[in-house]
Participant: 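First the structure, then my questions, so here it is.
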Amino acid sequence: MRLRTKFNLVLLTACVIGLGAASFLTYRAAQKNALEEIENEIALIRTNALAVRHYTATGITPLLANDTDVLFLPQSVPSFSAQTVFATFKETFPEYSYKEAALNPTNPDDLANDWEAEMINTLRANPELERVTTIRNTENGRVYNVAFPFKITSEGCLRCHSDPSLAPAAMLDIYSDQNGFGWQMGETIGAQIVSAPMALADKRALDLIVVIMLSIIAAFTVVIVLVNLMLSRIVLKPVSVMSEISEQVSMGDFSADEYVKKGNDEISSLSESFNRMRRSLDSAMKLLDE
Ligand code: HEC
């Protein structure tokens, strides 16, 4: 195998190993970054929903507290305002969703679907869990969902959610007395489920991998071209000239000019010793001839 081929083979192997290792590490790092970014988005959406709930519970509900038997305004219910505000948010960011899902909800729109019920049941079975996470494949790509338990921790909730006879009459006029009742103190009745798309993060991770791959390929191309140029100039060319001259000398033809490679590297000193050897051989041959 030629020297150049050997060098190039070693460099190409290093390039392939480098690409493999870099793609693996980049993929892992990109996945981690993407997940952190999505977790951050989920936290923002949830915190915003909790803020709307808090505002409604402390700023709006008390204003109407005395009138609930004659007039019941869903707008004064934290769950209603949080989800209504989110609906406006969703007009701009349709890939995100926020739902206050329950197994036995007051508003049928809040009824948990299959996968939501599964998350709620996991939270019900494991009351110590602060959240559960799932990744679902949808027609719009992968979606990351986090469910935070809704636990009944205040007696005040039971007024509207335990026995219909305790609930404001005006509320029963709007919602039925068939659902959203029978909730128990300490029970996990549902979950705040926040969903964020993974498609954008997946695409960013892929873009990053492509950029890093291209950079590595570009760097290796430069290295391979430089190594080949240096190999030609410093080693291959002088060695092939010397090999041609030694071929002639070995046939007894001393007519070729002496070749001296400038510089003080190993090939230069080889060319000098080669010339000395050639001169010695020349004198020895002349002596023999005499
Ligand atoms: C004055 C009555 C009232 C009180 C008190 C009340 N809720 Fe509700 N709750 C409602 C109504 C009405 C709805 C349905 C709102 C809608 O249309 O989205 C609701 C909806 C919910 C939902 C969404 C699921 C569903 O049933 O539709 C959750 C979760 C919830 N409430 C939890 C609580 C918690 C926790 C408390 C106590 C901190 C509480 N509620 C106190 C009336 C009440």
Side-chain angles (χ1 to χ4, degrees), residues 42-91 96-134 145-195:
I42 300 253
L44 287 175
I45 291 174
R46 178 177 185 233
T47 308
N48 186 58
L50 289 176
V52 175
R53 279 185 133 269
H54 178 76
Y55 165 74
T56 312
T58 57
I60 306 296
T61 315
L63 298 179
L64 303 159
N66 299 328
D67 307 325
T68 48
D69 278 328
V70 273
L71 174 72
F72 187 85
L73 294 175
Q75 287 81 351
S76 67
V77 177
S79 175
F80 180 90
S81 59
Q83 296 190 90
T84 307
V85 167
F86 185 80
T88 311
F89 174 93
K90 199 173 166 68
E91 285 169 13
Y96 294 80
S97 68
Y98 173 83
K99 181 168 170 187
E100 301 202 353
L103 298 178
N104 169 24
T106 316
N107 184 336
D109 289 348
D110 298 334
L111 181 65
N113 62 27
D114 291 354
W115 62 268
E116 289 166 346
E118 209 171 291
M119 291 179 102
I120 294 172
N121 282 323
T122 307
L123 291 168
R124 284 169 71 86
N126 306 278
E128 74 288 353
L129 288 184
E130 284 178 6
R131 44 180 270 163
V132 287
T133 306
T134 59
N145 316 282
V146 186
F148 303 89
F150 256 128
K151 214 179 264 180
I152 302 302
T153 52
S154 141
E155 291 286 346
C157 313
L158 298 181
R159 183 174 153 231
C160 300
H161 292 297
S162 62
D163 194 318
S165 63
L166 300 176
M171 172 182 145
L172 297 181
D173 291 344
I174 304 175
Y175 302 91
S176 90
D177 59 359
Q178 298 300 306
N179 46 283
F181 295 103
W183 298 3
Q184 312 271 329
M185 195 62 185
E187 184 189 358
T188 300
I189 53 87
Q192 266 182 311
I193 301 183
V194 192
S195 306

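Start at 1 and go down the list; that is how both ligands and their atoms are numbered. Just so it is clear, the structure is predicted and the values come from calculations on it, not from any experiment. Just so you know, residue 1 is the first one in the sequence shown, and it goes up from there.
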Participant: Would you say Asn104 and ligand 1 have an N/O pair spaced under 3.5 Å apart?
Facilitator: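 No, no N or O pair falls under 3.5 Å.
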Participant: If I take every N, O or S atom of His161, is at least one of them less than 2.8 Å from atom 8 (Fe) of ligand 1?
Facilitator: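 Given the 2.8 Å cut-off, His161 counts as a ligand of atom 8 (Fe) of ligand 1.
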Participant: Considering both backbone and side-chain atoms of Trp183, is one of its nitrogen or oxygen atoms within less than 3.5 Å of a nitrogen or oxygen in ligand 1?
Facilitator: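 It does not: no N or O of Trp183 is found under 3.5 Å from an N or O of ligand 1.
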Participant: Is it true that the side chains of Tyr98 and Gln83 contain a donor and an acceptor less than 3.5 Å apart?
Facilitator: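 Note: Tyr98 and Gln83 side chains miss the donor-acceptor criterion.
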Participant: Do the non-hydrogen side-chain atoms of Trp115 and Asn145 ever get within less than 4.5 Å of each other?
Facilitator: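 With C-beta onward as the side chain, the pair touches.
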Participant: Short question: side chain of Lys90, backbone of Tyr96 - any donor-acceptor pair under 3.5 Å?
Facilitator: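 Flag set: sc Lys90 to bb Tyr96 pair under 3.5 Å.
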Participant: Going by the closest heavy atom to atom 15 (C) of ligand 1, which one wins out of Phe72, Tyr175, Phe181?
Facilitator: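 Nearest option to atom 15 (C) of ligand 1, by heavy atoms: Tyr175.
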Participant: Going by the atom numbers of ligand 1, which of them fall below 4.0 Å from some non-hydrogen atom of Ser79?
Facilitator: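 Answer, ordered by atom number: 20 (C), 21 (C), 22 (C), 23 (C).
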Participant: State which residues pass side-chain hydrogen bond (donor to acceptor under 3.5 Å, both in side chains) with Ser81; sequence neighbours excluded, sorted by chain then number.
Facilitator: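 If we apply the side-chain hydrogen bond (donor to acceptor under 3.5 Å, both in side chains) test to Ser81, skipping adjacent residues, the hits are Thr56.
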Participant: Quick one: does ligand 1 sit under 4.0 Å from the side chain of Asn107, the backbone, both or neither, non-hydrogen atoms only?
Facilitator: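 Both parts.
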Participant: So do Leu103 and Arg124 actually touch side chain to side chain, heavy atoms under 4.5 Å?
Facilitator: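 Yes. Closest side-chain heavy atoms under 4.5 Å.
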Participant: I want to know if ligand 1 touches Asp110 in the polar sense, i.e. an N/O pair below 3.5 angstrom.
Facilitator: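 Yes, there is a polar N/O contact under 3.5 Å.
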Participant: Residue-level breakdown please: for Ser154 versus ligand 1, do any non-hydrogen atoms fall below 4.0 Å on the side chain, on the backbone, on both, or on neither?
Facilitator: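 The answer is neither; Ser154 stays 4.0 Å or more away.
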Participant: Sorted by first residue and then second, give each ring-ring contact (aromatic ring centres under 6.0 Å, His included) pair with at least one member in residues 148-169; sequence neighbours left out.
Facilitator: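 Listed by first then second residue: His161-Trp183.
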Participant: Within less than 4.0 angstrom of ligand 1, does Gly156 place any heavy atom?
Facilitator: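 True for this residue.
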Participant: Check whether any side-chain N or O of Lys151 sits under 3.5 Å from a backbone N or O of Pro127 as a donor-acceptor pair, and report yes or no.
Facilitator: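 Such a contact is found between Lys151 side chain and Pro127 backbone.
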Participant: Below 4.0 angstrom from a heavy atom of Glu100, which ligand 1 atoms are there? Numbered from 1 as shown, please.
Facilitator: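 Atoms satisfying the 4.0 Å criterion: 23 (C), 24 (C).
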Participant: Can you name the atoms of ligand 1, numbered from 1 with element, that are less than 4.0 Å from a heavy atom of Phe150?
Facilitator: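 Taking each heavy atom of Phe150 in turn, ligand 1 has 29 (C) under 4.0 Å.
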Participant: Counting heavy atoms only, which of Ser81, Cys157, Pro74 comes nearest to atom 38 (C) of ligand 1?
Facilitator: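 Minimum heavy-atom distance to atom 38 (C) of ligand 1 goes to Cys157.
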Participant: Which part of Pro105 is near ligand 1, with near meaning a heavy atom under 4.0 Å away: side chain, backbone, both or neither?
Facilitator: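 Under 4.0 Å from ligand 1, Pro105 contributes backbone and side-chain atoms.
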Participant: Checking Asn179 side chain against Pro105 main chain: does a donor-acceptor pair fall under 3.5 Å?
Facilitator: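 Confirmed, Asn179 side chain pairs with Pro105 backbone.
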Participant: Please list, in number order, the atoms of ligand 1 under 4.0 Å from a heavy atom of Cys160.
Facilitator: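 Those of ligand 1 that fall under 4.0 Å from Cys160 are 1 (C), 2 (C), 3 (C), 4 (C), 5 (C), 42 (C), 43 (C).
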Participant: Any donor-acceptor pair under 3.5 Å linking the side chain of Arg53 with the backbone of Pro78?
Facilitator: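 No: the side chain of Arg53 does not pair with the backbone of Pro78.
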